[in-house]
Amino acid sequence: MHYLRKPGWAIPEREATPEAVFMRRRTFLAGSLGAIAGGLLGLRGPVQAAEPEDPTRDLYPAPRNPAFTLDRPLTDENVAASYNNFYEFGPMKTVAWLAQRLKIRPWQVRVEGLVRKPKTFDIDELIRAMPLEERLYRFRCVEAWAMAVPWTGFPFAALVKKVEPLSDARYVKFTTFLDRTVALGQLRFWYPWPYVEGLTMAEAMNELTLLVTGVYGHPLPKQHGAPLRLIVPWKYGFKSIKSIVAIEFTRERPKTFWETLVPHEYGFWANVNPAFAHPRWSQAEERMLGTDEVRPTLIFNGYGEWVAGLYPDLNDRRYFM
Ligand SMILES: Nc1nc2c(c(=O)[nH]1)N[C@H]1C(S)=C(S)[C@@H](COP(=O)(O)O)O[C@H]1N2
Ligand SMILES: [Mo]
């Protein structure tokens, strides 16, 4: 096992992926079989033809919330839309075209668990019932690349009002769709599908926590996690789960996708902090997508004013992985 002292972007992409770590420790045979199966199925269906107009198109652009300003230029829309992490469609950054296989209507989101009023929302009903706004946020992937994006969405807290969590709800568990016929990456059976993420109730209720339905003034493209994703801008990007089908209020802390797969590299908290290196690269700096500008990483990705109080000990490594 190599412990590289290089930034994430300076190591080959296949080395940076958790899959690289995992595959070094598991049999090569399993990977080959998965790749063959994936290849065969990948040849099967064509990418979906012309999409019907998004039924919520008229809600965009939503009014911009002036409380959130940036210290850097916005990332070019086409750059953000063509360099993605969406492991359901494969472990490479060029998944945008494969993600077009996802059918995003009809789509339902179950809100369940420890709530007084559990409810399954039709996505269009949900989006229309919520106060949409645009926010300019920094976004920092654990792999040390970053972007600055105008997301459209609604505060998680607005959804909470509709379902009324019980007092013993301590965490929120988010789950992505599961459909191996569409998401060919889900044929990689050594991953713990479906993708799951979690927040504490205090994190979920924080003003910054956004359920996102759009970007750059229009509905979310599939590769960004349509029709509904999470954005938690003070945490590494993998917390911002895409294409959500269930939101569950729980007493126990949910075990997340990456924590299950590579627990010594990816934890539950995952708050951005330049002082704590990833086991394989430094987190001191980040590279902006599109411009390759290298900037110093900001603690809590620059959102400490909103969230630092949630974490009692800023020297505790556990909060920063
Ligand atoms: N369901 C799901 N959500 C996911 C991921 C994923 O693979 N599957 N990747 C995460 C990671 S590692 C990052 S950096 C962001 C990338 O979001 P973007 O492609 O919209 O930039 O999505 C996060 N959410
Ligand atoms: Mo990421």
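Whatever order the structure lists them in is the order used to number ligands and atoms, beginning at 1.
- Annotation: atom 15 (C) of ligand 1 to nearest protein heavy atom, Phe139 CZ, 3.6 Å.
- Note: Phe300 and Tyr311 have parallel aromatic rings, judged against thresholds of 30 and 60 degrees for the angle between ring planes.
- Interface atoms of ligand 1 facing Phe238, defined by a heavy-atom separation under 4.0 Å, are 10 (C), 11 (C), 12 (S).
- Thr120 is not listed as a side-chain neighbour of Glu125, based on a closest heavy-atom distance of 4.5 Å or more.
- Looking at Phe268 and Tyr171, their side chains come closer than 4.5 Å, going by heavy atoms from C-beta outward.
- Sorted by first and then second residue, the side chain to side chain donor-acceptor pair (under 3.5 Å) pairs involving residues 240-252 (not counting sequence neighbours) are Asp168-Arg251.
- Proximity of the aromatic rings of Tyr83 and Trp145 is defined here by a centroid distance below 6.0 angstrom, and this criterion is met.
- The aromatic rings of Phe257 and Tyr191 lie parallel to each other, their planes meeting at an angle below 30°, with 60° marking the opposite boundary.
- Annotation for ligand 1: atoms under 4.0 Å from non-hydrogen atoms of Cys141 are 14 (S).
- Proximity of Thr176 to ligand 1, defined as any heavy-atom pair under 4.0 Å, is confined to the side chain (atoms from C-beta onward).
- Counting heavy atoms from C-beta outward, Trp258 and Glu265 have side chains that stay 4.5 Å or more apart.
- When each atom of ligand 1 is checked for a heavy atom of Ile241 under 4.0 Å away, the hits are 3 (N), 24 (N).
- At a heavy-atom cutoff of 4.0 Å, ligand 1 is contacted by no atom of Glu143, backbone or side chain.
- Counting only heavy atoms of the protein, atom 3 (N) of ligand 1 lies nearest to Lys242 N, 3.1 Å.
- Residue-level proximity to ligand 1 for Phe89 is absent, since no heavy atom of it falls below 4.0 angstrom.
- Proximity of a side-chain donor or acceptor of Lys93 to a complementary backbone N or O of Asn85 within less than 3.5 Å is not detected.
- Near Trp145, meaning under 4.0 Å from one of its heavy atoms, ligand 1 places the atoms 14 (S).
- Tyr195 CE1, 3.3 Å is the protein heavy atom nearest to atom 6 (C) of ligand 1.
- Residue contacts with ligand 1 for Met147 involve side-chain atoms from C-beta outward but no N, CA, C or O (heavy atoms, distance under 4.0 Å).
- Note on ligand 1: Tyr266 sits outside its first shell, no heavy atom being nearer than 4.0 Å.
- Distance check, rounded to the nearest 0.5 Å: NZ of Lys103 to CZ of Arg105 gives 11.0 Å.
- Scanning the protein for heavy atoms near atom 7 (O) of ligand 1, the closest one is Tyr87 N, 2.7 Å.
- Classification of Lys235 and Glu197 as a salt-bridged pair fails, no side-chain N sitting under 4.0 Å from a carboxylate O.
- Checked against a 3.5 angstrom limit, the closest N/O atoms of His224 and ligand 1 fall inside it.
- For the pair Arg101 and Phe89, the cation-pi test (distance below 6.0 Å, angle within 45°) is failed.
- Between Glu88 and ligand 1, an N or O atom pair is found at a separation short of 3.5 Å.
- Within the set Asn85, Leu230, Val149, the minimum heavy-atom distance to atom 11 (C) of ligand 1 is found for Asn85.
- Judged by the shortest distance from any of its heavy atoms, Ser240 lies inside the 4.0 Å radius around the atoms of ligand 1.
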